[in-house]
Amino acid sequence: MHKTTAWPLALATVCLVIYASLYPFADWRDQGISPLRFLTAPLPQYWTGFDVGANLMGYAPLGFLLALSALRSGRVSWAVTVAVLLSMLLSLLMETLQSYLPSRIPSNVDLVLNTAGAWLGACCAWALEKAGFVDRWSRFRGRWFAQDARGALVLLLLWPPALLFPASVPLGLGQVFERLELALAEVLADTPFLEWMPMRDIELQPLVPIAELLCVALGALIPCLLGYCVIRTLWQRAAFSAAIITVGIAASALSAALSYGPDHAWAWLDLPVQVGIGFAVVLAAALLPVPRRGAAALALLALTAHLGLLNQAPADPYFAQTLQTWEQGRFIRFHGLVQWLGWLWPYAALLYVLLRLSGREARR
């Protein structure tokens with residue numbers, strides 16, 4: 001039996017599948033038909049290659065992670081079968097619930113494609129396990145990472161996808177305070193409680209270049225410090241920090257290419273951002289010898305400062321206009337997934353380092 005990162009990643013994938021399947025979570029109603037009627041309905045006459053690929057690939061990671069977690073835990077004999085059955089039941093539940101959403105159309109073809117995608121992912125996990133690749137990863141993980149590294153690894157694997165949603169400040173995750181204030185104002189409108197809330201009287205102002213520079217530097221440094229919490233040696237930390245900063249830059253470029261077009265993939269890399277990334281590289285190199293507990297304390301400080309700076313920046317109208325690319329067409333469900341991931345990732349990291357500093361992560 002092994003402690004595996006695949007299980008928490010599988011749970012995160014389930015949450016993402018639920019979000020993608022039930023978006024936009026509005027106008028729920030009983031349409032007067034059996035929610036299971038789609039099972040015996042005729043095959044749809046119109047569907048695209050994108051729909052087929054999305055339904056196949058949407059469940060392939062889930063099948064892969066469920067089968068891998070079962071194989072690594074040693075508690076399940078028929079890992080592929082169990083992974084496929086669980087994925088099929090989840091897909092059946094999602095298609096059934098879509099019967100109550102007028103904006104969604106349940107489909108028996110989607111159910112079959114989702115199950116087939118889960119089967120492909122589970123078979124891939126089984127093949128990798130039998131070929132010994134998973135054991136090699138376990139040995140690599142044992143050489144590079146501490147025994148209690150599962151939480152940090154999950155966060156680090158989720159960091160690049162979180163960067164795919166376009167941010168008003170490059171590498172800035174967790175900009176939620178302005179949205180929370182607006183949502184709270186709408187909920188408390190026309191009530192006396194609105195006057196009790198500490199609402200702002202003036203609009204937020206754009207960050208000055210030095211504040212943007214620090215925000216970018218902290219955004220790049222935070223995943224490095226998370227890695228330092230669980231990585232064993234100095235040279236391993238150096239290789240990891242170089243790799244994770246490179247991945248962050250690549251994810252930001254991909255986000256810009258998806259939002260503005262391939263010709264503008266590097267438009268976000270202006271002088272303050274370049275200096276901020278360079279400053280992060282210098283800090284990451286200087287902090288290589290820091291002990292693991294010290295790295296967790298520094299990560300806590302960096303997260304607090306980063307969120308404080310970032311949430312002083314407004315979402316400017318031009319930036320909000322570019323998000324329409326994500327909120328229409330094929331990006332509509334992917335838009336919601338990575339948006340929530342970008343909002344919540346730093347707060348999950350904050351909770352993780354707090355648990356690590358309190359000693360609970362090590363005891364688990």
Side-chain angles (χ1 to χ4, degrees), residues 2-23 49-73 76 78-95 97-98 107 109-131 133-134 136-138 140-141 149-165 244 247 250-251 254-255 258 326 330-342 344-345 348:
H2 303 271
K3 288 185 176 180
T4 174
T5 308
W7 177 239
L9 286 175
L11 291 178
T13 305
V14 168
C15 295
L16 296 179
V17 166
I18 292 174
Y19 186 96
S21 300
L22 302 182
Y23 184 87
F50 177 82
D51 295 329
V52 174
N55 281 286
L56 276 173
M57 300 309 298
Y59 273 72
L62 179 60
F64 177 85
L65 292 169
L66 287 175
L68 186 60
S69 59
L71 289 166
R72 301 306 293 161
S73 67
V76 180
W78 301 89
V80 173
T81 303
V82 171
V84 172
L85 286 176
L86 290 176
S87 301
M88 183 184 67
L89 290 174
L90 177 63
S91 177
L92 178 62
L93 177 61
M94 294 299 100
E95 297 296 326
L97 290 176
Q98 285 180 5
S107 170
V109 173
D110 290 352
L111 176 62
V112 172
L113 290 173
N114 292 339
T115 306
W119 177 79
L120 290 173
C123 288
C124 183
W126 178 84
L128 290 176
E129 174 74 15
K130 294 304 178 183
F133 288 104
V134 180
R136 293 173 192 171
W137 158 250
S138 297
F140 172 82
R141 174 176 168 173
R150 182 168 62 176
L153 288 175
V154 171
L155 287 169
L156 291 171
L157 288 171
L158 292 176
W159 185 65
L163 292 174
L164 291 180
F165 186 78
I244 197 68
V247 168
L254 178 59
S255 173
L258 293 173
W326 291 74
R330 295 178 177 180
F331 280 130
I332 185 167
R333 283 179 276 177
F334 184 65
H335 153 269
L337 297 180
V338 295
Q339 184 180 46
W340 278 99
L341 195 56
L344 298 179
W345 188 91

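- In this structure, Ala149 and Arg141 approach most closely via the heavy-atom pair C-NH2, 4.2 Å.
- Thr13 contributes atom OG1, which lies 4.5 Å from atom CG of Leu65 (distance to the nearest 0.5 angstrom).
- Using a 4.5 Å heavy-atom threshold, the side chains of Trp159 and Ile244 count as touching.
- The structure places CD of Glu95 at 10.0 Å from CG of Leu90, a figure rounded to the nearest 0.5 Å.
- In this structure, Val17 and Gly58 approach most closely via the heavy-atom pair CG2-O, 4.0 Å.
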(request) Test Trp7 against Leu68 for side-chain contact (heavy atoms from CB on, under 4.5 Å), laying out the working first. (result) CA-CA 8 Å; Trp7 177 239; Leu68 186 60; over 6 Å; no
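- Across all non-hydrogen atoms, the minimal contact from Ala251 to Leu163 is CB-CB, 4.0 Å.
- Not counting sequence neighbours, Ser87 has no partner by the side-chain hydrogen bond (donor to acceptor under 3.5 Å, both in side chains) test.
- Rounding to the nearest 0.5 Å places CG of Leu158 at 6.0 Å from CG of Leu9.
- The side-chain contact (heavy atoms from CB on, under 4.5 Å) test applied to Leu85 returns Thr81, Met88, not counting sequence neighbours.
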When the side chains of residues 110-131 are checked against the rest of the protein, which donor-acceptor pairs come out under 3.5 Å, sequence neighbours left out?
unit_1	atom_1	unit_2	atom_2	d
Asp110	OD1	Asn55	ND2	3.3
Asn114	ND2	Ser91	OG	2.8
Asn114	ND2	Asp110	O	3.1
Thr115	OG1	Leu111	O	2.8

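- Across Ala67 and Ala83, no two heavy atoms sit closer than the pair N-CB, 3.6 Å.
- Shortest non-hydrogen contact noted between Gln98 and Ser21 is NE2-O, 2.9 Å.
- How far CG of Leu16 is from CG of Leu62: 10.0 Å, rounded to the nearest 0.5 Å.
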